[in-house]
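Values reported hereafter were calculated over all heavy atoms of this structure, with side chains retained and with hydrogens, waters and symmetry mates removed. Numbered from 1 within each chain, the chains take letters A, B, ... in sequence-line order.
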2 protein chains.
Amino acid sequence: MVRRGPTLARQAALEILDGIRSGELAGEDGLLPSEAALSQRLGVSRATLREALSQLEHSGMIVRRHGIGTFVSRGQPLMESGLEQLESLETLARRTGVDSHMGQCDIEERVATRVEADALGLPAPVRVFAVERVMLSGERPVAYLIDVVPTDVLDPRQLRESFHGSVLDLLLERGDPPLQHSHTELCAEAASPELARAMRLEPGDPLLRLTAQLYTTDGRAVDYSVSYFSPGHFRFHVIRRVSQLAPPSGGWTTDRASDRAVDGIGKQGAAEPNASDRARETGDAARDPDAGDRELAAVSP
Amino acid sequence: MVRRGPTLARQAALEILDGIRSGELAGEDGLLPSEAALSQRLGVSRATLREALSQLEHSGMIVRRHGIGTFVSRGQPLMESGLEQLESLETLARRTGVDSHMGQCDIEERVATRVEADALGLPAPVRVFAVERVMLSGERPVAYLIDVVPTDVLDPRQLRESFHGSVLDLLLERGDPPLQHSHTELCAEAASPELARAMRLEPGDPLLRLTAQLYTTDGRAVDYSVSYFSPGHFRFHVIRRVSQLAPPSGGWTTDRASDRAVDGIGKQGAAEPNASDRARETGDAARDPDAGDRELAAVSP
DNA sequence: CAGTGGTCTAGACCACGAG
DNA sequence: TCGTGGTCTAGACCACTGT
């Protein structure tokens, strides 16, 4: 019973998706079978099925209503997602049926700038490929993309042979290194004269700028990118959820903690005699487990 | 053993957070106790503990490494979050230790415009409160916020008494209706003369604009807001994850599905004799279970 | 190899919504 | 009251990592 491949939950999610797409699963009111029924039908435990449903819910395909049932989401053909889903511009365009192609492209091997090395979490004198290009939709420039990748992640041959506009797609296709997430910062910026020329806009026109670091599953940054988007051509959105961690106003004190036992941390002698409050500032970035999340919304007055 | 209140997992997450903050849980390398140890220490099952850790991981507080352990994230004092966490500007400012207060505020009761009614998913002639104000940091205007709320969600007394700058915080404090998520669209926009005057900028200066609809747990939209942010004062980011659903390039076929049984949907006779492929287009929005996710990144060439 | 996190199961009970 | 999704448990086995 070798497993290998995607998790059971993911397989189940895709099976359900198929069932929805073909119309075999949901009634015309969009109601899916109950969790018990689905789990039996798919031959998985209810826990696994729920994990699958969670994935589908998180991508917005279904909606769950306590005490009622699980429904197929309304809206256009099952297709998904906002900014929180990491995908390339090319994939986005293909998915939404829009023509897009690469305009002028400039690949250069050089030493990383200070900012780039910082963003990648690497010591300053590191060699990188810098890829700059314009993306067009029809004849109109709609985005200007810059990627900076350490040369040990991508070699020049691969880059020149397999590159068709997206570094992300290239890495995903190769499957190595395994990618996990991207930390993307958003801001508005006025077009510089150079950018304006490349994108055929007026200098000073507002652009949406995304600055991203791409991380592998083991926390290494492998791509630093800056992207400019001409307004009106793209619509980016995010689903913002109310925090699962924030206390529900007024704060609540232990009520179950009194009869259960969720209070073992600061009270009785710890099983692990750990150190004092000494702030963690050991300056080794070598086995740093994340190396670059954090510091998210900062305000500078 | 009445429960009431937050889930066990959430309590556990907060306990762990406390343990991290006080420095009692992690060694100076940031390594937390193993899941087995933690679950025993907190008196919860490992499954529940893992749910708690997942919440912490999702907010970026910890990093998990298969075969190694769970680590406290690097970065400044534990404090979190990007755009995917829904919080008010006031909360953000307080959290980051920045002074912020409301400038001129204008509350008006009127009939919703077509755009507003559409965004709220309500029939056109509906009465709303429109709240417009400038947010200042020190003396500098840093954001311009507009909220539109149906009058049946908020009554004038509450609005005038409890409003201190954030409609979101007002609703969260009241706890009713229960909020779930916000669908937020981002774009860059040049400041109009009016906006420029209110924010003491030059007309044409680039602004980041967030357009959001706020939804309750039962899928009703209760707030439509447009927010403009002066560049340089805020940093917004998003964590973009590689899709859990997308096949890992090349697609994979059943490999476990052959010995397990994840294939019950399109093959043998379904337990539920459901309808044909007839597209679901029944035009009733009444009991629509989501009414407003979807259509995310669209491109208009 | 031992120890860690990752996945999965079977079963239990609770909370919610509708008839 | 009944059926739904929501939470929790105890235990099992797997896959990854370091030694």
Side-chain angles (χ1 to χ4, degrees), chain A residues 1-13 27 29-40 42-57 62-71 177-178 180 216-219 244 255-257 259-262 272 286-287 289, chain B residues 1-13 27 29-40 42-57 62-71 178 180 216-219 244 255-257 259-262 272 287 289:
Chain A
M1 180 164 144
V2 285
R3 225 225 312 151
R4 317 196 316 105
T7 65
L8 237 199
R10 192 164 151 190
Q11 295 181 45
D29 53 355
L31 179 60
L32 291 171
S34 73
E35 297 187 350
L38 265 182
S39 64
Q40 194 165 12
L42 295 178
V44 300
S45 74
R46 196 178 149 219
T48 300
L49 176 89
R50 279 182 58 77
E51 169 58 24
L53 291 180
S54 291
Q55 292 179 14
L56 294 174
E57 180 184 37
I62 62 171
V63 175
R64 299 202 266 190
R65 303 261 295 243
H66 195 165
I68 313 274
T70 304
F71 297 81
Q180 220 243 339
T216 62
T217 50
D218 58 335
Q244 290 187 289
D255 47 33
R256 178 161 181 169
D259 52 281
R260 302 301 265 73
V262 189
E272 198 171 0
R287 52 152 172 53
Chain B
M1 180 165 141
V2 285
R3 226 226 309 151
R4 316 195 310 110
T7 65
L8 237 198
R10 192 163 152 191
Q11 295 179 47
D29 51 356
L31 179 60
L32 291 171
S34 74
E35 298 187 348
L38 265 182
S39 63
Q40 193 164 13
L42 295 178
V44 301
S45 75
R46 195 177 149 220
T48 300
L49 177 89
R50 279 183 58 77
E51 168 59 24
L53 291 180
S54 291
Q55 293 179 14
L56 294 174
E57 180 184 38
I62 62 170
V63 175
R64 300 203 265 191
R65 303 263 294 248
H66 196 167
I68 314 272
T70 304
F71 297 81
Q180 220 244 339
T216 61
T217 49
D218 57 336
Q244 288 187 291
D255 46 34
R256 179 161 179 170
D259 54 281
R260 302 300 265 75
V262 188
E272 198 171 2
R287 51 148 171 55

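Judged by closest nucleotide on DNA chain C, A:Arg46 is the one of A:Ile68 and A:Arg46 placed further toward the 5' end. Taking for each of B:Gly67 and A:Thr70 the nucleotide of DNA chain D with the nearest heavy atom, the 5'-most of the two is the partner of A:Thr70.
A sub-4.0 Å separation between OP1 or OP2 of C:dG6 and a side-chain N or O of A:Thr7 is absent. A close approach under 4.0 Å does not occur between any side-chain nitrogen or oxygen of B:Arg50 and OP1 or OP2 of C:dG5.
The base of D:dG6 is not paired with the side chain of A:Arg65 by any donor and acceptor separated by under 3.5 Å.
At whole-Å resolution of the value, CG in B:Leu31 and P in C:dG3 are 15 Å apart. If you take CD of B:Gln180 and P of D:dG5, they are 16 Å apart, rounded to a whole angstrom. A straight line from CG of B:Leu8 to P of C:dC13 spans 17 Å, rounded to a whole angstrom. The distance between atom CD of A:Glu51 and atom P of D:dT7, rounded to the nearest whole Å, is 13 Å. Between B:Leu53 atom CG and C:dG6 atom P the separation is 9 Å, expressed in whole Å. Rounded to whole angstrom, the span from the CD atom of B:Glu35 across to the C1' atom of D:dC13 amounts to 15 Å. Straight-line distance from the CG atom of A:Leu38 to the P atom of D:dG6: 13 Å, rounded to whole Å. Between the C1' atom of C:dG5 and the CG atom of B:Leu56 lies a distance of 15 Å, rounded to the nearest Å.
Looking only at side-chain heavy atoms (C-beta outward), A:Leu53 and A:Glu35 come within less than 4.5 Å of each other. Looking at heavy atoms from C-beta onward, A:Leu49 lies in side-chain contact with A:Leu42 at the 4.5 angstrom threshold.
Residues A:Arg64 and A:Ser54 bring a donor and an acceptor atom of their side chains to less than 3.5 Å of each other.
Of the inter-residue distances, the one linking A:Phe71 atom CZ with A:Ile62 atom CD1 reads 11.0 Å to the nearest 0.5 angstrom.
Considering only side-chain atoms of A:Thr48, the nucleotide from C:dC8, D:dT7, C:dG5 that sits closest is C:dC8. Checking C:dA10, C:dG6, D:dG6 against the side-chain heavy atoms of A:Arg64 singles out D:dG6 as nearest. Considering only side-chain atoms of A:Ser34, the nucleotide from D:dG5, C:dG5, C:dA10 that sits closest is D:dG5.
The number of heavy atoms from other shown groups lying within 6.0 Å of CD (B:Gln40) does not exceed 12.
Using a 4.0 Å heavy-atom distance criterion, A:Ala36 is classed as making no nucleic acid contact.
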